[in-house]
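Here's the structure we're looking at; comments come further down.
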There are 2 protein chains.
Amino acid sequence: MPKVVDPRIRRRELAEAVWRVVRRDGLEHASVRNVAREARLSMGSLRHYFASQSELMAFALRLVIDGIEQRIAALPSDGDPRQRAARVLAELLPLDDQRRAENEVWLAFTARAMTDPELRALRDEGYDMLRAGCRGLVAGLIGPGRDPEREAARLHALLDGLAVHAAVRPDVDTPDALRAVIADHLSELRAPRTTDAPTRS
Amino acid sequence: MPKVVDPRIRRRELAEAVWRVVRRDGLEHASVRNVAREARLSMGSLRHYFASQSELMAFALRLVIDGIEQRIAALPSDGDPRQRAARVLAELLPLDDQRRAENEVWLAFTARAMTDPELRALRDEGYDMLRAGCRGLVAGLIGPGRDPEREAARLHALLDGLAVHAAVRPDVDTPDALRAVIADHLSELRAPRTTDAPTRS
DNA sequence: CCTTTTATAGCACAGTCGTGCTACATTCGA
DNA sequence: TCGAATGTAGCACGACTGTGCTATAAAAGG
């Protein structure tokens, strides 16, 4: 007695089952069997929607990327670049449960992509998207004398570092702490570049 | 015909075999069989040195942490905090092959530690060590009006973010790019805090 | 020289894995 | 109404896994 359901919904349900297993047990336990059990489906049924495990994994990661992209795109883009930057970054940092989950799944897949070519392509896509976003934010913010590309790299690294820290030590790097660090950084970007008094020995 | 070797050397060799397998094939392929083969030993022989796989993994991670700690401790600590900071951070960033390797292994284990309590303890140790180090560096550098704890968190996040980026996109985030970003950041830390002209709507 | 310890090797067991395959029920199109 | 398509389930195969166990050879200690 198969229930009739839009296959897109089933595929999303299975991707969400992947996310839950990855968060709870780790990516190494996200086997076809475990994911099917998590989604309350049989293995055979899962394989009706995904021909292989790697296809399932790629889809699960794809949904994460698309979700983030859409949430950013849906943000109101009023004129003030300062406020827009604050909003975008707040959307990117793992400040609430949903984004904490997204972030942890993303980190797990990022690590695996180091040795998995298929996932690497997706990871690079997300990475480039984020870098481009940082470039856009920085362009509207930086003070005189600052190198836009370098500041984009710095903001991007800060963002990813904070995301890792939020996942690793949520008790130390709390949402408020993340917000404070990012706010400071944005303020600073508006100041002119502080040229160095080089201490050479 | 067992060769006679200091067991400590064998254990280190096995740990290094773990590192190589992790970098080449991923942590999920670091099985006792694969690691034993990489070290040109039999499974039985490996298990003579490590009673279980988790013991082997914990040891492999422990060696990474100890290595980093020792290299930092061995740094000359001359008086100038600016130069010391530059040296410490250059030692921490994945700027050469050895540190690239260390970094990739560290990232793989960091990801797994999200769901493995034994590895988590080690990871947290490394994390706290790094945060404490950032606190020390920041203390000798920051300009007036800056919150030391927040700047330590910022430097730490920047450092970890750059490390991730160096692993993910070595072609974009090259050693020179990492150095430039860190140098900029250190210069900026010496400037007084730029108070915000808040744009409230 | 003989015994004990250490280092090495290899096998066997039980479990999990991905995937190919078959079977069956439901829904749909003609 | 009746085939075709679709959704669901489950089994079987071969491969890989961690670990317990035994065997053997070399070294160490008396």
Side-chain angles (χ1 to χ4, degrees), chain A residues 1-22 24-61 108-109 111-113 115-119, chain B residues 1-22 24-61 108-109 111-113 115-119:
Chain A
M1 38 143 178
K3 264 187 293 184
V4 132
V5 178
D6 186 339
R8 289 190 238 178
I9 293 188
R10 275 276 183 271
R11 284 168 68 90
R12 165 167 281 275
E13 283 175 358
L14 285 163
E16 288 173 357
V18 170
W19 301 345
R20 288 195 298 274
V21 174
V22 166
R24 183 182 352 107
D25 306 322
L27 193 44
E28 71 274 18
H29 291 117
S31 63
V32 180
R33 278 171 182 79
N34 287 344
V35 171
R37 188 181 314 123
E38 176 72 27
R40 299 178 178 282
L41 276 179
S42 69
M43 283 171 47
S45 200
L46 186 156
R47 291 197 77 245
H48 178 70
Y49 294 98
F50 296 97
S52 70
Q53 185 189 31
S54 65
E55 197 182 307
L56 168 63
M57 293 305 181
F59 183 75
L61 181 51
F109 277 102
R112 169 151 306 194
T115 54
D116 181 326
E118 187 170 359
L119 295 181
Chain B
M1 40 147 179
K3 267 188 291 186
V4 129
V5 178
D6 186 338
R8 286 189 238 175
I9 294 188
R10 272 277 182 272
R11 282 168 68 91
R12 166 168 279 273
E13 283 175 357
L14 285 163
E16 288 172 356
V18 171
W19 300 345
R20 287 195 298 275
V21 173
V22 167
R24 185 186 347 111
D25 308 319
L27 193 44
E28 70 275 18
H29 291 116
S31 62
V32 287
R33 276 172 184 77
N34 288 342
V35 171
R37 186 181 313 121
E38 176 72 29
R40 301 179 177 281
L41 276 179
S42 70
M43 283 172 48
S45 200
L46 187 157
R47 290 197 77 245
H48 178 68
Y49 294 99
F50 296 98
S52 72
Q53 186 190 31
S54 66
E55 197 182 306
L56 167 64
M57 293 305 181
F59 183 75
L61 181 51
F109 277 102
R112 172 151 304 194
T115 54
D116 181 327
E118 185 171 1
L119 294 181

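Lettering of chains follows the sequences in order, A, B, ..., and the numbering in each one begins at 1.
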Ranking Ser45(A) and Arg33(A) by the position along DNA chain D of their nearest nucleotide, the one closer to 5' is Ser45(A)
Nearest whole angstrom, please: distance from the C1' of dA12(C) to the CE of Met43(B).
-> 10 Å
Value in whole Å for how far the C1' atom of dG18(D) lies from CD of Glu28(B) = 17 Å
Nearest-nucleotide 5' precedence on DNA chain C, Gly44(A) against Val32(A) | Val32(A)
So CG of Asn34(A) and CZ of Arg20(A): to nearest 0.5 Å the spacing works out to 12.5 Å
Please state how far atom CG in Leu27(A) lies from atom C1' in dT16(C), giving the value in whole angstrom units.
-> 16 Å
State whether Tyr49(B) places a side-chain N or O below 4.0 Å from either non-bridging phosphate oxygen (OP1 or OP2) of dT8(C).
-> yes
Answer with yes or no whether Arg47(B) presents, from its side chain, a donor or acceptor under 3.5 Å of a partner atom in the base of dG18(D).
-> no
Return the value, rounded to whole Å, for the distance between atom NE2 of His29(A) and atom C1' of dG18(C).
-> 16 Å
Rounded to the nearest 0.5 Å, how far does CG of Leu14(B) lie from CZ of Arg11(B)?
-> 9.0 Å
Atom CZ of Phe50(B) and atom C1' of dA7(C): how far apart are they, to the nearest Å?
-> 14 Å
Rounded distance (nearest 0.5 Å) linking atom CG of Asp116(A) with atom CE of Met57(A) = 10.0 Å
Give the rounded distance in Å between these two atoms: CZ of Arg11(B) and C1' of dT8(C).
-> 17 Å
How do Gln53(B) and Leu41(A) order along DNA chain D: which one's closest nucleotide is nearer the 5' end?
-> Leu41(A)
Selection from dG10(C), dA9(D), dT17(D) that lies nearest to any side-chain heavy atom of Ser42(B) | dG10(C)
Distance test, side-chain N/O of His48(B) to OP1/OP2 of dA7(C), below 4.0 Å | yes
Asp25(A) CG to dT16(C) C1', straight-line distance once rounded to whole Å = 14 Å
Of the candidates dT17(D), dC17(C), dA9(D), the side chain of Ser31(A) sits closest to dC17(C)
Atom pair CD (Glu38(A)) and OG (Ser31(A)), whose distance is rounded to the nearest 0.5 Å | 11.0 Å
Of all the nucleotides listed (dT19(C), dT8(C), dT8(D)), which has the minimum atom distance to the side chain of Arg10(A)?
-> dT8(D)
Side chain of Glu16(A), backbone of Ala39(A): donor and acceptor closer than 3.5 Å?
-> no
Rounded distance in Å - CG (Leu46(B)) to C1' (dG10(C)) | 14 Å
Think Asn34(B) has a side-chain N or O under 4.0 angstrom from the OP1 or OP2 of dC16(D)?
-> no
